[in-house]
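Accompanying notes for the structure given below.
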Amino acid sequence: MGFAEQRFNVNLSILFTELPLLERPAAAAAAGFSAVELWWPWVDTPTPERSELDGLRKAVEDAGVQLTGLNFYAGQLPGPDRGALSVPGAESERFRANIDVAADFAGSLGATALNALYGNRVDGVDPAEQDALALENLVLAARAADRIGAVLLVEALNKPESPLYPLVSAPAAVGIVDKVNAATGLGNARFLMDLYHLSMNGEDLPAVIDEFAAKTGHVQIADNPGRGAPGTGSLPLEELLDRLAKAGYDGWVGLEYKPGDRPSSAAFDWLSR
């Protein structure tokens, strides 16, 4: 099959970041993409002004691209944070304040996936307390996603780069997915399979695909080492995506890699190969 058979969308929070936020959708369209995804763009607030939401919505619509996925508020990301929903106190409250804001924005643009990053472990807080809070907040997020016809994504990150994040394997993330679905009865929680993060954890990627493709709601890629474009590292991404397709995954594949020392518009030459 090969790369040509995949549906790729661009993550505008890691690619085209040399441009202002509102110029990135058009840049993705100019590079030949019809769909984009985003981390929560307003890292300092879960509830931005209506004018900011409207401005980004217009930029996406004017570019003629589809917003396929959006992260809920996740704290300082990029930065030290890896989510807010399991962090007691103010961060958890910010996450809850963001749930309907993010869902309504995503729904207004037809996005069908909302990603909820779990959050780091906190010194002095019982992990069981964090996990209980996380489940409460993920249930709220799953219900909001269901309201707009979207899935709720739970992502595994990698331990070397996110040492305080507890979901650093595919089974750990899928275990949370199962708990959320059991708690809501909605069945709309899904695994976000990021092949870069899983490879950084040393997981057997073909085995992960075979076991968890049916529970996967979105896939993201970057090569390893380096988190660059396909072909800059040693991951057999073309083979892995073929395996995913044969296992039944037919959704979008998010390009969540660093462009390196070149403009983002020049970081897609691998697609022509």
Side-chain angles (χ1 to χ4, degrees), residues 1-43 48 52-71 74 76-79 105-106 108-113 115 153 155 158 161 192-197 199-200 218-242 244-245 251-273:
M1 293 176 63
F3 287 138
E5 302 300 319
Q6 307 295 333
R7 291 195 303 162
F8 293 109
N9 69 301
V10 180
N11 190 304
L12 297 181
S13 298
I14 193 168
L15 285 156
F16 295 107
T17 57
E18 66 269 28
L19 299 173
L21 175 64
L22 299 188
E23 295 179 18
R24 295 176 202 170
F33 293 94
S34 63
V36 298
E37 62 183 42
L38 280 162
W39 302 343
W40 183 247
W42 300 281
V43 296
E52 294 189 75
L53 292 161
D54 289 345
L56 180 55
R57 183 184 298 107
K58 185 175 188 299
V60 172
E61 292 173 340
D62 289 350
V65 293
Q66 172 70 47
L67 180 70
T68 58
L70 177 70
N71 282 21
Q76 296 295 313
L77 181 76
F105 180 79
S108 73
L109 287 166
T112 55
N115 184 27
L153 299 173
E155 183 174 8
N158 75 77
E161 294 174 330
L192 197 169
M193 184 185 292
D194 186 311
L195 296 176
Y196 167 74
H197 288 309
S199 70
M200 284 284 287
H218 187 46
V219 172
Q220 291 174 332
I221 64 169
D223 215 331
N224 188 27
R227 200 174 186 177
T232 59
S234 58
L235 279 184
L237 288 168
E238 198 162 4
E239 295 173 22
L240 293 168
L241 293 180
D242 281 353
L244 264 164
W252 291 96
V253 175
L255 304 182
E256 199 183 58
Y257 59 78
K258 299 175 182 177
D261 57 354
R262 55 185 171 170
S264 295
S265 59
F268 306 110
D269 55 341
W270 57 276
L271 273 171
S272 63
R273 298 198 299 271

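We number each residue from 1, following the sequence as shown.
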Nearest-0.5 Å distance, [atom1] of residue [X] to [atom2] of residue [Y]:
X      : Y      : atom1 : atom2 : value
Asn224 : Thr232 : CG    : OG1   : 9.0 Å
Asn158 : His197 : CG    : NE2   : 6.0 Å
Tyr257 : Asp223 : OH    : CG    : 10.5 Å

- Message: Less than 6.0 angstrom separating the ring centers of Trp270 and Phe3, yes or no?
- Response: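 Between Trp270 and Phe3, the centre distance is under 6.0 Å.
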
- Task: Measure from the ring center of Phe268 to the ring center of Phe33 and say whether it is less than 6.0 Å.
- Result: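 Yes, they do, as the ring centres are separated by less than 6.0 Å.
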
- Message: For Arg7, give me all partners under salt bridge (Lys or Arg N to Asp or Glu O under 4.0 Å), at least two apart in sequence or on another chain.
- Response: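 If we apply the salt bridge (Lys or Arg N to Asp or Glu O under 4.0 Å) test to Arg7, skipping adjacent residues, there are no hits.
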
- Task: Identify, with sequence neighbours excluded, every residue that meets side chain to side chain contact (heavy atoms under 4.5 Å, CB included) alongside Pro225.
- Result: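 Here the qualifying residues are Ser234.
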
Between the side chains of [X] and [Y], does any donor sit under 3.5 Å from an acceptor?
X      : Y      : value
Glu238 : Gln6   : no
His218 : Glu37  : yes
Trp39  : Glu256 : yes

- Query: Are the side chain of Ser199 and the backbone of Leu195 linked by a donor-acceptor contact shorter than 3.5 Å?
  - Reply: yes

- Mark yes when over 12 heavy atoms from residues, nucleotides or ligands other than Glu161 sit less than 6.0 Å from its CD; otherwise mark no. yes

- Item | Contact list for residues 52-70, test side chain to side chain donor-acceptor pair (under 3.5 Å), sequence neighbours left out | Asn9-Thr68, Trp42-Glu52, Asp54-Arg57, Arg57-Ser108, Lys58-Asp62

